Amino acid sequence: MGRTIAIAGGGIVGRTLAVALASQSHLTVHLIAGPAPGRDERSSAIAASARRMLARTGVWPAVAADAEPMRGMVITDSADGDLVRPEVLTFEGDTDGHPFAHMVPNETLYRSLVARCAALGIRETSAVATFYEEDERSVTVELSDGTMVTADVLVAADGRNSKMRQITGIEVVRKDYHQSGVTGTVSHELDHGGIATQHFLPAGPFAMLPLTGRRSSIVWSERPAFAASLAEMDPLLAALEIERVFGLSLGRITLEGPLQAYPLVAQMARDLVAGRVVLAGDAAHVIHPLAGQGLNLGLRDAAVLAEELIDAARIGADPMEGLPRYSKRRRADTVQMALVTDGLNAIFSRKSDLLRAARSVALGVVEERNKLKSLFMREAAGLEGELPRLMRGEAI
Ligand SMILES: Cc1cc2nc3c(=O)[nH]c(=O)nc-3n(C[C@H](O)[C@H](O)[C@H](O)COP(=O)(O)OP(=O)(O)OC[C@H]3O[C@@H](n4cnc5c(N)ncnc54)[C@H](O)[C@@H]3O)c2cc1C
């Protein structure tokens with residue numbers, strides 16, 4: 001019997017899952033995409049494991065020309081007014097012969113996924129899911145255009161304010177960082193050499209992440225009022241503000257487009273599954289962007305969920321039987337990453353000189369031990385732990 005998976009949410013995670021299911025199985029995929037997103041100035045560090053999945057599912061060729069390999073990272077720890085930002089940790093080199101991540105503009109990734117969904121003939125609507133009901137055989141989703149979709153499983157990939165999650169009754173644990181992430185693209189006079197820089201500053205981290213050419217993406221965590229004023233600021237003045245915190249190591253800086261400010265929160269759903277409904281991506285977890293891992297967690301959700309749904313359907317079972325295993329495999333990983341990013345933000349966003357000295361000692365220990373560093377690189381590449389098949393570059 002043909003089985004159907006409905007996905008609410010046509011963001012990067014929902015579409016990656018749709019493409020994984022449609023390219024690896026005979027499951028029917030119904031994508032309730034919602035409206036196309038507005039302008040997104042963000043770029044994402046796509047970990048090596050996620051790149052393997054995008055390659056395996058036929059998305060990467062359309063992304064590759066806009067993807068900049070990340071060859072290393074420099075982390076500094078200093079106060080706002082310091083003239084020199086001392087390097088406390090540096091990483092360089094590849095993992096398993098490949099860059100540990102590639103920087104990709106979100107808009108490129110999104111466009112490539114839309115094209116791949118169309119090429120795979122995935123059924124898609126721009127309506128939003130407004131309600132669902134389930135019985136012992138199926139789940140029926142009501143759409144804003146008055147139509148209905150019936151499926152074996154409904155995946156809620158509808159973002160941090162997930163309507164579908166609210167209807168399940170699954171609660172979230174939420175923490176407001178009282179910071180906003182200011183993001184945008186800048187160009188600079190000098191080559192970045194594929195090196196990402198993260199300055200830990202008292203108000204929050206500032207990251208300069210390499211894009212193709214002499215361009216970089218910034219992610220600047222700041223107090224909300226200042227972040228909002230940056231997003232409104234004249235581009236010349238905003239560039240001067242960026243030079244003030246980043247310095248001139250890449251020469252003079254020019255804004256390539258507008259800056260956007262996102263309120264930063266950590267949010268964890270208490271469960272990932274309720275009956276025939278399963279959460280993925282930001283609907284399940286939102287973390288601080290300082291480690292560039294939020295989307296990567298969502299992509300790993302997509303890889304594991306595709307594997308469990310397909311494996312269940314292949315043995316003739318109801319795909320929902322794969323959901324408990326998905327929940328078990330994803331829970332620890334997401335909670336761990338949320339705790340690590342939360343802890344790093346807390347430890348680095350304090351002004352205390354004593355804490356700064358302690359940070360220096362701790363990071364100095366890592367800096368001097370190549371084994372620890374290579375473990376960090378493998379974590380950043382998403383190559384640690386039990387990898388789903390697509391993230392090993394294998395078919396499901
Ligand atoms: C400043 C900043 C920088 C970041 N940098 C990185 C990074 O470098 N690396 C990284 O891995 N992550 C990063 N992240 C995190 C990453 O951007 C998110 O985790 C990711 O975009 C989440 O994708 P998603 O598809 O789960 O959700 P979303 O992008 O929110 O997509 C949800 C989709 O669902 C649709 N929708 C909503 N409601 C409904 C409904 N009822 N029915 C149907 N559709 C609906 C919406 O229109 C939207 O298209 C960053 C985040 C921020 C804020």
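Worth saying up front: this structure is predicted, and the values here are computed from it rather than measured. Note that ligands are numbered from 1 as they come in the structure, with each ligand's atoms numbered from 1 the same way.
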Minimum-distance protein heavy atom relative to atom 38 (N) of ligand 1: Asp158 CB, 3.6 Å
Per-residue contact class, Gln293 against ligand 1 - non-hydrogen pairs under 4.0 Å: backbone
Sub-4.0 Å heavy-atom approach of Pro37 to ligand 1: no
Ala283 heavy atom under 4.0 Å from ligand 1: no
Distance from atom 29 (O) of ligand 1 to nearest protein heavy atom, with residue and atom: Gly11 CA, 4.5 Å
Asp152/Arg137 salt bridge by N-O under 4.0 Å criterion: no
Spacing of Leu211 atom CG and Met70 atom CE [to the nearest 0.5 Å]: 9.5 Å
Ala36 near ligand 1 by a heavy-atom separation under 4.0 Å: no
Pro35 near ligand 1 by a heavy-atom separation under 4.0 Å: yes
Electrostatic pair Arg330:Glu308 at N-O distance under 4.0 angstrom: no
Ile12: numbered ligand 1 atoms lying under 4.0 Å from its heavy atoms: 25 (O)
Any protein heavy atom nearer than 4.0 Å to atom 15 (C) of ligand 1: yes
Side-chain donor-acceptor pair present, Asn106, Ser44, cut-off under 3.5 Å: yes
Under-4.0 Å heavy-atom contact with ligand 1, by part of Ser43 that carries it: backbone
Sidechain N-carboxylate O distance under 4.0 Å for Asp40, Arg42: yes
Distance-only donor-acceptor check, side chains Gln179 and His288, under 3.5 Å: yes
Note: Arg56-Glu394 ion pair, threshold 4.0 Å (strictly below): no
Residue part near ligand 1, for Ser162, under 4.0 Å between non-hydrogen atoms: neither
Atoms of ligand 1 close to Asn296 [distance to a heavy atom under 4.0 angstrom, numbered from 1]: 11 (O)
Location of contacts on Ala129 toward ligand 1, heavy atoms closer than 4.0 Å: both
Distance-only donor-acceptor check, side chains Thr254 and His188, under 3.5 Å: no
Distance from atom 19 (O) of ligand 1 to nearest protein heavy atom, with residue and atom: Asp282 OD1, 2.7 Å
Shortest protein contact, atom 7 (C) of ligand 1 (heavy atom only): Gly292 CA, 3.6 Å
Test ring pair (Phe, Tyr, Trp, His ring centres under 6.0 Å) applied to Trp220 and Phe200, Tyr262, Phe206, the passing residue: Phe206
Atom 24 (P) of ligand 1 [closest protein heavy-atom partner, distance rounded to 0.1 Å]: Val13 CG2, 3.8 Å
